Every structure is written in C-alpha cells, then in structure tokens.
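Letters A, B, ... are given to chains in the order of the sequence lines, protein chains preceding strands, and every chain is numbered from 1. Predicted, not measured: the structure shown is a model, and the values here were computed from it.
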There are 2 protein chains.
Amino acid sequence: MEHPDLRRAGLKVTGPRLKILEILANEALGSHLSAEAIYRRLLVQATDIGLGTVYRVLGQFEAAGLITRHHFDGETAVYELNRGEHHDHVVCMDCNRVEEFTDDEIESLQSKAAQRLGFEVIDHALILYGRCRRTACPHRLAAAKSEP
Amino acid sequence: MEHPDLRRAGLKVTGPRLKILEILANEALGSHLSAEAIYRRLLVQATDIGLGTVYRVLGQFEAAGLITRHHFDGETAVYELNRGEHHDHVVCMDCNRVEEFTDDEIESLQSKAAQRLGFEVIDHALILYGRCRRTACPHRLAAAKSEP
DNA sequence: TTTGCTGCAAATGCTTTGCATGTAG
DNA sequence: CTACATGCAAAGCATTTGCAGCAAA
C-alpha cells in the first residue's frame with residue numbers, strides 16, 4: 001500500500017496514522033474535529049488507539065502540513081485536513097455551525113496592513129463570530145417563540 | 001471614591017478589583033497581560049490577592065465589557081483594557097511582539113463575506129502572524145549572523 | 001535488527017470552583 | 001445585616017511526556 005503523504009513527512013505508515021488520516025478525510029468539508037472526537041470515533045471502530053497517540057499523531061500531521069489546527073476563541077483545539085487552499089471561518093455563536101470562506105481582497109488588505117507596521121505576514125487567522133439564519137439554530141428558535 | 005466602571009457593571013468596589021484594573025490601565029497600548037503576569041505584579045506590590053481571584057475578576061471584567069481576552073494561537077489567555085475602539089493584531093512569530101491596527105475596509109469586507117453565507121457578524125478575531133523588522137528580533141539577529 | 005511507534009499512566013499547566021471567612025453597601 | 005467577595009486549596013480539562021514493550025523497514 002502506498003502512502004505518499006505519510007512517507008513524504010518521514011513518518012512510518014502505521015495503523016493509528018492511517019485510521020486517523022482516514023477519519024479526517026471522511027469528514028465533510030467545513031467539519032472540524034477535536035482530539036476527543038477523533039478518539040471517540042476510534043473507540044467505535046473498536047481499535048485500540050490511546051488518546052495520547054491521537055494527540056501525538058495530530059501534532060505530527062500538523063507539523064507535516066497535512067492538517068490545520070484551529071482554536072475557535074480558545075476553546076479546545078479542532079483539526080481539519082488540508083485540502084489545498086487556505087480559508088477563513090465563520091462560527092455561529094448559537095449553534096456552533098462553522099462555514100468556510102475565502103476573500104482575496106481581504107487577504108491582500110491584510111498584507112498591506114502588516115507591511116505598514118513593518119511585518120511580513122506568514123500566516124493568519126480570521127474568525128468571524130455571529131449568528132446564522134439556519135432554521136434549527138437556537139437563536140432562531142428563541143426568536144420564533146417570542147413572536148408567534 | 002467614585003468608580004463608575006465597576007458600579008455600572010454591578011460589581012462592588014473592592015481592593016482586588018481596583019488593583020487589577022489599575023495594572024491593566026497602566027499597561028502601554030498594545031501590551032497584553034496573562035493572568036499570571038498580573039498576579040506577579042500584584043505579588044510585587046505586596047498585596048494579598050490570590051491567583052484564583054485574578055481569574056475571577058478578569059472573568060467579570062470581560063463579561064462587563066471592560067476588558068478583552070485574546071488567545072493568540074491558543075496560547076494562554078491574555079487580557080487588555082478596552083479603550084474604546086476595536087482593533088486587530090499582528091504578532092511576530094520570532095519575538096512575540098504584538099502590534100495593533102484597524103482597517104475599516106477589511107471590516108466591511110468581513111461583514112459582506114459573512115452576509116453571503118447568511119451570517120450576521122457579532123464579533124471577530126483577526127490575527128496576523130509574521131516576522132517583524134525590529135533589529136532586536138531573533139529572526140533578524142539570525143539573518144545578520146549568516147550574512148556578515 | 002534497528003529505529004521509530006504505541007499504549008498506558010502519570011505529569012503538567014491553565015483555569016475553575018467549593019467553602020469558610022471577611023467586608024462593602 | 002445581607003449579599004457578595006476573597007483566599008486558599010482542591011478539582012477539572014486539555015494536552016504532553018516517560019517508559020517499557022511492539023512493529024515497520
């Protein structure tokens with residue numbers, strides 16, 4: 001079995017790494033998993049992988065650039081498979097739904113702003129916190145209840 | 001003694017609260033303190049305030065909108081007194097220097113991007129990670145050494 | 001075989017909390 | 001006087017690490 005991603009990263013191809021990679025790959029776009037969440041999915045699959053290993057492997061994947069770690073507001077870290085292009089996030093403060101987006105204009109304005117301050121931008125994190133229009137969103141349910 | 005900020009927040013005016021507020025107020029603009037850092041400054045002043053209290057008070061201040069908590073990349077939380085207008089941050093990955101900036105154009109593009117996804121933006125966090133041009137920055141020192 | 005990987009459990013570091021006591025209003 | 005604050009120490013969580021055994025190359 002070939003596994004160029006792991007090989008390229010100088011990591012041995014092992015069961016735990018493949019499983020975790022698979023779990024991340026099977027996630028819907030825009031879905032973000034915590035180490036715990038990944039661990040739970042591994043438990044369901046009746047594997048024998050420890051939480052410590054999950055953290056270790058995620059750390060290696062991140063260092064290898066295979067995945068990205070996010071900290072939405074300083075909550076527990078969540079991870080997402082890198083599928084090419086960079087993107088930013090919008091998080092619903094009521095239902096925790098996360099949407100992704102990109103905006104080239106914002107990106108270029110960011111570089112300019114940094115340049116003005118004498119910085120060269122290497123990376124950035126842009127997270128918008130707000131409320132979504134989804135019908136199932138707690139915020140909308142509450143609003144609906146008060147106006148019958 | 002008047003203390004409208006605390007009063008308005010429904011908080012009793014007590015020694016610990018005043019001290020902590022004072023420490024935050026005396027910080028230079030763009031300076032960000034962790035709970036530990038605040039606690040250390042309190043120790044120096046020979047006060048008898050516990051670290052637990054520092055966390056509790058900071059939580060109340062944040063809830064009251066007096067201060068803002070940041071998590072640069074998921075590191076330990078740092079706090080900063082709210083002095084009116086919102087701003088974003090640039091962090092040097094080498095020397096940890098933090099600069100603040102605002103960019104109305106970016107702000108408005110953010111709202112538009114969110115709107116496209118059906119979100120109303122309540123708050124946002126924009127942090128640029130990069131390298132600064134400061135002479136004392138480790139990155140520049142290293143660069144200088146390799147090109148004599 | 002050799003080097004690197006894993007499970008487990010213990011350790012860490014930040015942050016929160018319970019409780020008895022103290023104090024602002 | 002009463003409600004809220006505080007100090008202290010213990011508890012909580014997410015994450016990291018040490019180590020002895022296991023497995024990929």
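If you measure from atom NE2 of His71(A) to atom C1' of dC13(D), you get 13 Å, rounded to the nearest angstrom. With rounding to whole Å, His3(B) atom NE2 is found 15 Å from dA24(C) atom P. Rounded to an integer number of Å, the gap from OH of Tyr55(B) to P of dT15(C) is 4 Å. Straight-line distance from the CG atom of Leu43(A) to the C1' atom of dG7(C): 13 Å, rounded to whole Å. Atom CG of Leu58(B) is separated from atom P of dC14(C) by 15 Å (rounded to the nearest Å). Distance, Leu6(A) CG to dA23(D) P: 19 Å, rounded to whole Å. Straight-line distance from the CG atom of Leu51(B) to the P atom of dA9(D): 12 Å, rounded to whole Å. The nearest whole Å value for the distance from the CG atom in Leu42(A) to the P atom in dT6(C) is 12 Å.
Listed by chain and number, the residues in a side-chain hydrogen bond (donor to acceptor under 3.5 Å, both in side chains) with Arg131(B) are Asp94(B) (sequence neighbours excluded).
By the 30° and 60° cut-offs, the orientation of the rings of His89(A) relative to His87(A) is perpendicular.
Side-chain atoms of Leu24(A) and Leu58(A), non-hydrogen and from C-beta on, do get closer than 4.5 Å to each other.
In this structure, Met93(A) is a member of the same hydrophobic cluster as Val78(A), with clusters built from ILVMFWY side-chain heavy atoms closer than 4.5 Å.
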*Take Arg83(A) and Glu100(A), measure what salt bridge (charged side-chain N to carboxylate O under 4.0 Å, His left out) needs, and give me the verdict at the end.*
CA-CA 13 Å; Arg83(A) 285 156 158 121; Glu100(A) 309 187 335; over 6 Å; no
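Ring centroid separation for the pair His32(A) and Phe72(A) comes in under the 6.0 Å cut-off.
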*Sugar-phosphate atoms are those with a prime plus P, OP1 and OP2; base atoms are the rest. Using that split, label each nucleotide of nucleotides 3-8 of chain D B, S or - for protein heavy atoms under 4.0 Å, 5' to 3'.*
BBSBBB
